[in-house]
2 protein chains.
Amino acid sequence: MAVKDKGTEQLIKDTAKRIFFSEGKLHATTQDIADAAGVNRTLLNYYFRSRDILFEQVATEARQEMSAVLDPVFQAELEFKDKLEKLITVFMDQATKFPFREMYVVTEHNRTSRVIPEEKKTMIKKFLKEISAEMEKGKIRKMDPKQFCINLFALMAYPLITTCLNKSLYSVNDAEYLKLMKDRKKLIFEMIYQ
Amino acid sequence: MAVKDKGTEQLIKDTAKRIFFSEGKLHATTQDIADAAGVNRTLLNYYFRSRDILFEQVATEARQEMSAVLDPVFQAELEFKDKLEKLITVFMDQATKFPFREMYVVTEHNRTSRVIPEEKKTMIKKFLKEISAEMEKGKIRKMDPKQFCINLFALMAYPLITTCLNKSLYSVNDAEYLKLMKDRKKLIFEMIYQ
DNA sequence: TTGTTGTTTGACAAAAATGTTAAACATAAT
DNA sequence: ATTATGTTTAACATTTTTGTCAAACAACAA
């Protein structure tokens with residue numbers, strides 16, 4: 001029997017997150033999740049009433065977990081350089097564990113066109129200002145600061161979403177690809193800063 | 001009634017591609033597709049026998065269309081600089097029309113771990129060699145050429161997948177985002193070359 | 001006209017996925 | 001031992017999605 005330390009409810013959520021965010025099986029059924037968790041499917045209904053509620057809760061927690069990790073970095077009182085390094089480290093560690101979590105949020109956003117809270121937008125605007133300031137200092141190539149942000153997240157997120165495909169395309173094994181991803185932290189920083 | 005010039009069979013495939021690759025509705029049912037095409041759902045079975053066959057055919061054609069557009073550029077006898085510019089133009093035009101086509105191929109690849117044909121790998125190896133040569137010439141920052149490739153596709157593909165989310169996050173409208181994407185062609189080139 | 005072919009439709013059947021219920025079970029408190 | 005509480009299970013019901021089929025239809029040839 002699987003580990004049920006934190007209780008069945010938590011086990012079910014953790015399993016759903018693993019299937020969605022780590023394995024990228026976006027079409028998983030409740031039966032798939034129950035099987036992977038080693039529990040009776042009925043328990044998903046017992047704890048979450050319905051599939052939709054479970055999925056919504058998982059999506060909500062995904063957003064919260066991302067915010068909990070990223071927001072403190074965005075808002076930290078750090079030199080921009082240090083903030084950027086921190087951001088890259090933190091984001092890529094997360095994206096290594098849960099490469100499809102952002103993709104899940106994106107497709108959910110497409111489906112529901114959920115509203116982004118104002119404070120989040122404000123936070124981003126402040127970050128964009130910091131980027132602009134850094135451009136003035138000549139530390140970053142001049143461009144629309146939004147482009148800088150878009151570049152940053154593209155460079156971090158995309159290679160982990162396409163891990164499986166890339167390993168095939170470039171004929172590298174798991175260890176080699178992991179090494180590539182590890183090296184990227186420094187590489188991305190050097191690419192966009194100074 | 002919708003345009004059925006190219007015949008119902010083609011209309012169904014085109015509609016499926018639009019829903020999957022342009023709108024990013026990866027969970028679409030046969031009924032969704034039939035409705036969007038304005039035809040009776042039974043016709044999907046009449047022309048394609050089953051949902052799986054239709055979806056597989058759509059995936060196969062997606063790969064073929066991407067190859068048909070990209071391979072000639074990869075294999076063209078051009079200065080690396082020109083090849084790179086061409087690649088960016090061609091890829092981003094495609095990705096603008098079908099932002100989720102690559103994502104579809106990726107998730108399909110995850111599901112089926114389909115084998116990449118040897119000639120494709122060979123083509124990529126040759127491209128990686130060209131990248132190495134360009135690094136020797138000092139035209140590209142030195143790094144593992146695979147990283148260069150990964151960077152390139154990340155910068156091109158990701159912003160279009162996350163269009164909807166980004167428009168919300170950065171508070172820009174459709175026209176402004178389109179402009180950003182248009183400007184990216186030049187921006188990406190300048191970022192990774194010279 | 002009649003027959004032939006391919007296409008389209010609605011009614012129905014089957015399969016897949018989700019939801020509900022009552023009963024079994026475990027555990028601890030009384 | 002009994003009751004109470006929360007958890008788990010199997011059997012069943014419902015809903016959703018997919019597949020089949022016979023009949024209707026259209027266009028055209030004999």
Side-chain angles (χ1 to χ4, degrees), chain A residues 1-62 100 103-104 107-108 110-112, chain B residues 1-62 100 103-104 107-108 110-112:
Chain A
M1 192 76 67
V3 189
K4 292 194 185 179
D5 304 348
K6 294 165 295 179
T8 306
E9 182 170 351
Q10 194 58 44
L11 172 66
I12 290 169
K13 274 197 293 191
D14 289 345
T15 305
K17 286 172 187 173
R18 198 188 72 222
I19 289 179
F20 288 142
F21 306 151
S22 298
E23 298 171 15
K25 306 274 178 201
L26 285 320
H27 305 29
T29 66
T30 53
Q31 188 67 65
D32 293 334
I33 294 167
D35 290 348
V39 303
N40 191 294
R41 183 179 57 80
T42 313
L43 289 180
L44 306 216
N45 289 306
Y46 177 71
Y47 285 108
F48 302 96
R49 303 204 66 78
S50 78
R51 181 200 112 110
D52 281 356
I53 293 174
L54 168 60
F55 283 24
E56 180 50 41
Q57 194 162 325
V58 162
T60 300
E61 291 187 16
F100 293 93
M103 199 42 47
Y104 188 87
T107 55
E108 276 291 303
N110 280 344
R111 223 165 46 80
T112 65
Chain B
M1 192 75 68
V3 189
K4 291 194 187 179
D5 305 348
K6 296 165 292 180
T8 306
E9 183 171 351
Q10 193 60 42
L11 171 68
I12 291 169
K13 276 198 291 190
D14 288 346
T15 306
K17 286 174 186 174
R18 199 189 72 222
I19 289 180
F20 288 141
F21 306 151
S22 298
E23 297 171 14
K25 307 273 179 201
L26 285 319
H27 306 26
T29 65
T30 53
Q31 187 67 65
D32 293 333
I33 294 167
D35 290 349
V39 304
N40 191 294
R41 183 179 57 79
T42 313
L43 289 180
L44 306 216
N45 291 101
Y46 178 71
Y47 285 109
F48 303 96
R49 304 203 67 76
S50 77
R51 181 200 112 110
D52 282 355
I53 293 173
L54 167 60
F55 283 25
E56 180 51 40
Q57 195 163 326
V58 162
T60 299
E61 291 187 15
F100 294 93
M103 199 44 45
Y104 188 87
T107 56
E108 277 291 304
N110 281 343
R111 225 166 45 80
T112 64

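Letters A, B, ... are given to chains in the order of the sequence lines, protein chains preceding strands, and every chain is numbered from 1. Worth knowing before you read on, the calculation uses all heavy atoms, side chains too, and leaves out hydrogens, waters and symmetry mates.
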Assert: residue with more 5' nearest nucleotide on DNA chain C, out of B/Thr42 and A/Phe55, is B/Thr42
If you round to the nearest 0.5 Å, how far is CG of B/Asp14 from CZ of B/Phe21? 11.0 Å
Just to be sure I understand the rule, does B/Tyr47 reach a base, reach only the sugar-phosphate, or reach nothing, if contact means heavy atoms closer than 4.0 Å? sugar-phosphate
Contact between B/Lys13 and B/Leu54 at the side-chain level, heavy atoms closer than 4.5 Å - yes or no? yes
Once you round it to whole Å, what is the distance between P of D/dT17 and CZ of B/Phe48? 21 Å
Less than 3.5 Å between a donor and an acceptor, one on the side chain of B/Arg41 and one on the base of D/dG19, is that the case here? yes
Can you tell me how far OG1 of A/Thr15 sits from CG of A/Leu11, rounded to the nearest 0.5 angstrom? 4.0 Å
Does a distance-only test, which skips hydrogens and angles, find a donor-acceptor pair under 3.5 Å between the side chain of B/Thr30 and the base of D/dG19? no
Heavy atoms, side chains only, cut-off 4.5 Å: are A/Leu26 and B/Leu26 in contact? no
To the nearest Å, how far apart are A/Arg51 CZ and C/dT20 P? 14 Å
d(OH, B/Tyr46; C1', C/dG10) in whole Å: 17 Å
Atom-pair distance (CG on B/Asp52; P on D/dT17), nearest Å: 16 Å
Atom-to-atom span, CG of A/Leu43 to P of D/dT8 - whole angstrom: 5 Å
To the nearest angstrom, how far is A/Asn45 atom CG from D/dT9 atom P? 14 Å
Roughly, in whole Å, what's the span from CG in B/Leu54 to P in D/dT17? 16 Å
Choose from C/dT9, C/dG19, C/dA17 the nucleotide whose nearest atom is closest to any side-chain atom of A/Thr29. C/dA17
d(CG, A/Asp32; P, C/dA16) in whole Å: 13 Å
Please work out whether the ring planes of B/Phe20 and B/Phe55 are parallel, tilted or perpendicular, with thresholds of 30° and 60°. perpendicular
Minimum-distance nucleotide (side-chain atoms of B/Ser50 versus D/dG19, C/dT9, C/dA17): D/dG19
For C/dT8, take OP1 and OP2 only and decide whether either is under 4.0 Å from a side-chain N or O of B/Asn40. no
